[in-house]
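To find a chain, count down the sequence lines: A is the first, B the second, and so on, and within it residues start at 1.
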Amino acid sequence: MTITFYNTLSSKKEEFLPINPENVRMYVCGPTVYDRAHVGNARSAVVFDSLYRFLKEVFPKVTFARNFTDVDDKIINKHKQTGKPITEITEETIQWFHEDMDTLNVLRPDFEPRATETIPEMIELVKDLVDKGFAYEAEGHVLFDVTKFQGYGVLSKRSMEDMIEGARVEVAPYKKNPADFVLWKPSNEGEVGWDSPFGYGRPGWHLECSAMSKKYLGESFDIHGGGQDLIFPHHENEIAQSYCACGCDAKHHKYANYWVHNGMLMVDGKKMSKSLGNFYSIRDIINKYPGEVIRFFMLSTHYHQPLNFTFEGLDNAKTVMNKFYNALLNIKGEVKQEQAPSEFIEALSDDLNTPKAIAILHELFNNLNKEQSLEAKSKFVNSARVLGLLLQDAETWFKGDVDNEGEIVALIGERNDAKKNKDYKKADEIRAKLFEMGIIIEDTKEGVKWKKA
RNA sequence: GGCCGAGUGGCAGAAUGGUCAUGCAGAGGACUGCAAAUCCUUUGACAUCGGUUCGAUUCCGGUCUCGGCCUCCA
């Protein structure tokens with residue numbers, strides 16, 4: 001079986017050949033923790049969680065690191081606005097993030113390093129870059145000199161000229177070149193910061209991922225992921241730092257081999273983002289739709305494509321998830337965890353083609369309803385598992401948070417009596433009443449079943 | 001302005017140089033007191049103009065439209 005991924009570095013779909021098949025290593029850029037994550041952030045998390053699950057299915061060991069950016073101007077601003085201590089802000093936000101991820105069936109990565117826990121490594125990296133002549137100090141800042149790295153632009157496919165032409169930002173006067181970026185910046189007294197050979201200050205944003213990926217995965221690893229909006233400048237700058245620190249060039253590098261980027265989540269044709277204000281927090285949506293529905297909705301589009309966020313789309317996803325769980329409800333018996341069917345794995349092997357995999361899931365679903373066998377159930381459930389779906393008990397899915405079960409059962413009893421007396425008018429009235437309560441009735445050979453709509 | 005990407009049936013969304021995507025919705029049927037669930041059958045598409053080809057939704061070029069990045073961003 002051949003596994004392929006679209007590699008942003010080469011702009012091509014490539015065969016995936018891990019450095020060490022006994023331990024596949026991946027790094028994904030995580031959130032800046034100053035506020036609740038929105039659904040766009042969730043897409044990235046769900047996509048790479050699915051990649052993680054898929055790799056775990058195929059390889060004996062996968063090491064996955066995803067960072068928390070817990071030192072950043074946005075956090076400092078929030079602290080200034082609210083007066084809340086910075087650690088309180090970051091701790092609280094990390095906890096929210098974990099809660100949201102849990103409801104989306106997103107597994108915890110093997111490592112979740114925080115930038116503030118990696119300061120010594122970052123300072124070391126800056127020192128290294130200065131010593132090797134790739135970085136310079138100016139007005140308390142340490143800046144990376146992009147002209148010293150021949151390969152600058154390998155990932156985002158831009159030339160220096162493009163960047164100068166396209167410049168929309170005012171260039172800080174202390175920069176030698178407009179594209180130079182900050183490795184270390186000064187902090188004022190009383191502001192968050194650390195002592196360093198370049199003065200009291202804090203790291204630039206790009207630095208942490210280079211330092212953390214090296215710390216937890218080594219100088220070379222397999223996959224580096226993130227949203228497409230991180231390609232430039234974030235990942236381009238990471239490449240510049242990390243290549244130069246390890247003394248490699250663009251062709252013979254030692255950093256990440258495969259750069260995988262997910263497409264943006266769109267709202268009315270525009271990217272969902274905090275700055276545009278067109279966002280829903282994950283929490284907002286979780287209150288209306290189960291996490292698995294949101295997850296299914298996200299995986300029904302290929303990760304590389306933009307995905308339009310609509311409530312119609314979520315409703316559609318919910319319909320399908322209800323059908324899936326209904327099938328599990330109807331075919332009794334527990335299923336053991338085993339390897340997913342090869343056709344399903346093959347679909348995912350093709351650049352994590354989740355829509356294709358879901359099409360196969362539908363086939364397995366149809367087959368399950370026809371065969372009604374435990375074997376068919378196993379194939380279905382074990383496929384869904386790789387996508388992080390159908391992980392809960394079907395009963396819980398349909399009845400989980402219903403708090404008036406007694407009333408429902410009583411009404412069903414009344415309806416049964418009415419049916420026995422062939423009083424169908426009354427029976428239908430009770431059914432309609434239950435429907436208004438959000439409960440759906442099914443008359444089956446095994447008796448009456450109920451579930452929430 | 002520069003760089004990158006996309007345009008598929010009512011909606012969502014894959015693959016593919018010639019034969020069924022798939023799902024939701026719709027239509028007809030089976031089952032049911034009627035429903036629901038399930039099963040069977042079914043309608044319907046490849047932005048546009050050229051080119052290559054025996055044949056193009058699929059390859060190449062132009063046009064139009066849309067989006068992302070170039071500032072923080074998943």
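The local environment of OH in A:Tyr280 is sparse, with at most 12 non-hydrogen atoms from other residues, nucleotides or ligands closer than 6.0 Å. Within 6.0 Å of NZ in A:Lys332 there are more than 12 heavy atoms belonging to other residues, nucleotides or ligands. Under a cut-off of 6.0 angstrom, the local environment of CD in A:Glu375 is sparse, with at most 12 non-hydrogen atoms contributed by other residues, nucleotides or ligands. For A:Glu91, the CD atom sits in a packed shell: over 12 heavy atoms of surrounding residues, nucleotides or ligands are nearer than 6.0 Å. Around atom CG of A:Asn421, more than 12 heavy atoms belonging to other residues, nucleotides or ligands sit under 6.0 Å away. For A:Lys214, the NZ atom counts as loosely surrounded, since its 6.0 Å shell holds 12 or fewer non-hydrogen atoms of other residues, nucleotides or ligands.
For A:Met298 and B:A74, the CE to C1' distance is 10 Å, given to the nearest whole Å. Taking atom OH of residue A:Tyr27 and atom P of nucleotide B:A74, one finds them 12 Å apart after rounding to whole Å. The NE2 atom of A:His38 sits 11 Å away from the C1' atom of B:C72 (whole-angstrom rounding). The separation between A:Asn367 atom CG and B:G23 atom P is 13 Å, rounded to whole Å. Remark: C1' of B:C4 and CD1 of A:Ile231 are 8 Å apart, rounded to the nearest angstrom. Atoms CD (A:Gln305) and P (B:C66) sit 18 Å apart, rounded to a whole Å. A:Phe311 places its CZ atom 20 Å from the P atom of B:A25, with the value rounded to the nearest Å. The CG-C1' distance, from A:Leu307 to B:A74, rounds to 13 Å in whole Å.
On the C1' atoms, B:G2 is 37 Å away from B:G9, given to the nearest whole Å. Here the separation of B:A12 from B:C4, taken at their C1' atoms, is 25 Å to the nearest Å. Nucleotides B:A25 and B:G62, compared at atom C1', are 38 Å apart to the nearest Å. B:G67 and B:G61 have their P atoms separated by 24 Å, with the value rounded to a whole Å. Rounded to whole Å, the separation between the P atoms of B:G55 and B:G51 comes to 11 Å. On the C1' atoms, B:G18 is 27 Å away from B:G23, given to the nearest whole Å. Comparing the P positions of B:C39 and B:G13 gives an interatomic distance of 25 Å, to the nearest angstrom. For the C1' atom pair drawn from B:U48 and B:G10, the interatomic distance equals 22 Å after rounding to whole Å.
A:Asp102 meets the salt bridge (Lys or Arg N to Asp or Glu O under 4.0 Å) test with A:Arg108; sequence neighbours excluded.
If A:Ser275 and A:Met266 are placed on RNA chain B by their nearest nucleotide, the residue sitting closer to the 5' end is A:Met266.
The residue A:His302 sits close only to the backbone: its heavy atoms come under 4.0 Å of sugar-phosphate atoms, none of a base. Within the 4.0 angstrom heavy-atom criterion, no nucleotide atom of any strand lies near A:Gly225. A:Lys271 comes within contact range of at least one nucleobase, with a heavy-atom separation under 4.0 Å. At a threshold of 4.0 angstrom between heavy atoms, the contacts of A:Met272 include nucleobase atoms, whether or not backbone atoms are also involved. No engagement by A:Gly313 is indicated, since no non-hydrogen atom pair under 4.0 Å with the nucleic acid exists.
Aromatic ring orientation, A:Phe54 versus A:Phe5: perpendicular (interplanar angle above 60°, classes split at 30° and 60°).
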*What does nucleotides 29-38 of chain B look like as a protein-contact string, B for base, S for sugar-phosphate only, - for none, at under 4.0 angstrom between heavy atoms?*
----BBBBSS
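Ring-centre distance between A:Phe221 and A:Tyr255: below the 6.0 Å cut-off. In this structure, the ring of A:Phe111 has its center no less than 6.0 angstrom from the ring center of A:Phe64. Separation of the A:His261 and A:His235 ring centroids falls under the 6.0 Å cut-off.
Side-chain atoms of A:Thr69 and A:Arg114 form no donor-acceptor pair, as typed in the model, at a separation below 3.5 Å.
Non-hydrogen atoms lying under 4.0 Å from RNA chain B are contributed by nothing in residues 91-115 of chain A. Within residues 2-16 of chain A, no residue approaches RNA chain B, by heavy-atom distance under 4.0 Å. For the segment residues 350-364 of chain A, residues with any heavy atom less than 4.0 angstrom from an atom of RNA chain B are, sorted by number, A:Asn353, A:Pro355, A:Lys356, A:Ala359, A:His362.
Residue A:Lys449 is tested with A:Asp443, A:Asn330, A:Thr444 for a side chain to side chain donor-acceptor pair (under 3.5 Å); the sole match is A:Asn330. When each of A:Asn237, A:Asn177, A:Thr147 is tested with A:Tyr152 by the rule side chain to side chain donor-acceptor pair (under 3.5 Å), just one qualifies, namely A:Asn237.
In this structure, CG in A:Asp49 is found 9.5 Å from CG in A:Leu51, a value given to the nearest 0.5 Å.
Between A:Ser156 and the phosphate of B:C3, there is no side-chain N or O to OP1/OP2 separation shorter than 4.0 Å. Between A:Lys270 and B:G67 there is a side-chain N or O to OP1 or OP2 distance below 4.0 Å. Using a 4.0 Å cut-off, some side-chain N or O of A:Asn41 falls inside it from OP1 or OP2 of B:A74.
Geometrically, A:Lys274 engages A:Tyr34 in a cation-pi contact defined by less than 6.0 Å to the ring centre and at most 45° from the axis. Remark: A:Lys288 qualifies as a cation-pi partner of A:Phe311 under the 6.0 Å distance and 45° angle criteria applied to the six-membered ring. For A:Arg158 and A:Phe232, the positive end sits near the middle of the six-membered ring, less than 6.0 Å away and at most 45° from its axis.
Consecutive Watson-Crick or G-U pairs involving RNA chain B, each under 3.5 Å on both distances, make up stems of three or more pairs at B:1-7 with B:64-70, B:10-12 with B:22-24, B:26-30 with B:38-42, B:47-51 with B:59-63.
Ranking B:C24, B:C72, B:A74 by closeness to the A:Pro233 side chain, first place goes to B:C72. Out of B:G23, B:C4, B:A74, the shortest distance to the side chain of A:Lys157 is found at B:C4.
The backbone N or O of A:His302 sits nowhere less than 3.5 Å from a side-chain atom of A:Thr354 that would complete a donor-acceptor pair.
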